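Worth knowing before you read on, the calculation uses all heavy atoms, side chains too, and leaves out hydrogens, waters and symmetry mates. Everything numeric in this text was worked out from a predicted model, so none of it was measured.
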Amino acid sequence: MQKASLLTVTLGILLAYAAGFSGDAHAQQRIEKKEFSITLPDGWVEIPRNNIDHYLAYLRELAPAARPPHFEYVFQMSPEQTYFTFPYITIILNTQGKMSRSDLRDITAIPINSYVEKQKEAYSPVYNHLEVGKLYLDETANIIWTRSEADISGHGEVSGISAIIPTEAGAIQVTGFALKHDFATYEPVFCEAFLSINPAPELVYKP
């Protein structure tokens, strides 16, 4: 998978910030998809495909010069709130090619905020401010982590944490978002969910 592609998709998922928040986490549920499985707290629901497509169309209209991602799946804590209400988790299935071990080890050298700065004008209809942390490879879990902070027009400060799980086809890219003042509550929920992800057998990364 090209490093430039990883930068594009990592920045693209941050467009998903424009929304809201509610709720509490409880017991767990195991969700099985053809590409992976994930454990989420009870009460979390999957946003329907047509609602995801509608939301991405809204982002394209809001920031036409930006490049919104293609979310394969989105999970939200409360089914009683408007879709894309914080906190929620987005999942992208990147199939642009397997990352080599050297690519993974070099990941921390990617100047991601330099890339963000170059795209600042394109994303300005969404963000008053956006900062993405360094990419970090957890070699034990074989997961690439990064954090992000944003000030969103009309919504305020939002925090995010992302995990990029390498696969034989590319990567499963999963991000959890919450309002900044609630992020400490939901960060453990996000991390536990990310660490629970098992790619389908044919997608499990082979060093």
[X], [atom1] atom: more than 12 neighbouring heavy atoms under 6.0 Å:
X    : atom1 : result
E202 : CD    : yes
K206 : NZ    : yes
H54  : NE2   : no

>> Please evaluate residues H70 and E72 with respect to the criterion side chain to side chain contact (heavy atoms under 4.5 Å, CB included), reporting the C-alpha separation (whole Å), side-chain torsions for both, the decisive distance (0.1 Å), and the verdict.
In response: CA-CA 6 Å; H70 176 77; E72 199 68 38; 3.5 Å; yes
>> The test is side chain to side chain contact (heavy atoms under 4.5 Å, CB included); show your working for I52 and T90 and say whether it passes.
In response: CA-CA 10 Å; I52 296 174; T90 65; over 6 Å; no
Compare every heavy atom of [Y] with every heavy atom of [X], then report the nearest pair and how far apart it is.
X    : Y    : value
S102 : S100 : OG-OG, 2.9 Å
T167 : A171 : OG1-N, 3.4 Å
Q173 : N94  : OE1-ND2, 3.2 Å

Could you grab the distance from atom [atom1] of [X] to atom [atom2] of [Y], nearest 0.5 Å is fine?
X    : Y    : atom1 : atom2 : result
K34  : L203 : NZ    : CG    : 10.5 Å
I91  : I165 : CD1   : CD1   : 8.5 Å
I89  : Y73  : CD1   : OH    : 15.0 Å
I144 : Y136 : CD1   : OH    : 12.0 Å
I38  : Q29  : CD1   : CD    : 10.0 Å
D53  : F71  : CG    : CZ    : 11.5 Å

> Is it true that E187 and R147 make a salt bridge, defined as a side-chain N closer than 4.0 Å to a carboxylate O?
Replying inline: yes
> If you measure from the Lys or Arg side-chain nitrogens to the Asp or Glu carboxylate oxygens, is any gap between R101 and E139 under 4.0 Å?
Replying inline: yes
Is [X] linked to [Y] within one hydrophobic cluster, defined over Ile, Leu, Val, Met, Phe, Trp and Tyr using a side-chain heavy-atom separation of less than 4.5 Å?
X    : Y    : answer
I161 : V189 : yes
F190 : V45  : no
L195 : W44  : yes

Between [X] (side chain only) and [Y] (backbone N and O only), is there a donor and an acceptor less than 3.5 Å apart?
X    : Y    : answer
Q76  : T85  : yes
R60  : Y55  : no
T146 : G133 : yes

> Centroid-to-centroid, Y58 to F84, below 6.0 Å?
Replying inline: no
>> One pair to check against side chain to side chain contact (heavy atoms under 4.5 Å, CB included): F36 and V174. What are the steps and the verdict?
In response: CA-CA 12 Å; F36 64 91; V174 55; over 6 Å; no
>> Pair V74, Y83 - check side chain to side chain contact (heavy atoms under 4.5 Å, CB included), show working.
In response: CA-CA 10 Å; V74 182; Y83 287 132; over 6 Å; no
Side-chain heavy-atom pair [X], [Y] within 4.5 angstrom cut-off:
X    : Y    : answer
W145 : C191 : yes
N142 : Y205 : yes
I164 : I143 : no
P41  : E192 : no
P87  : D182 : no

>> By the definition side-chain contact (heavy atoms from CB on, under 4.5 Å), identify the one residue from H129, K180, E157 that meets it with E149.
In response: K180
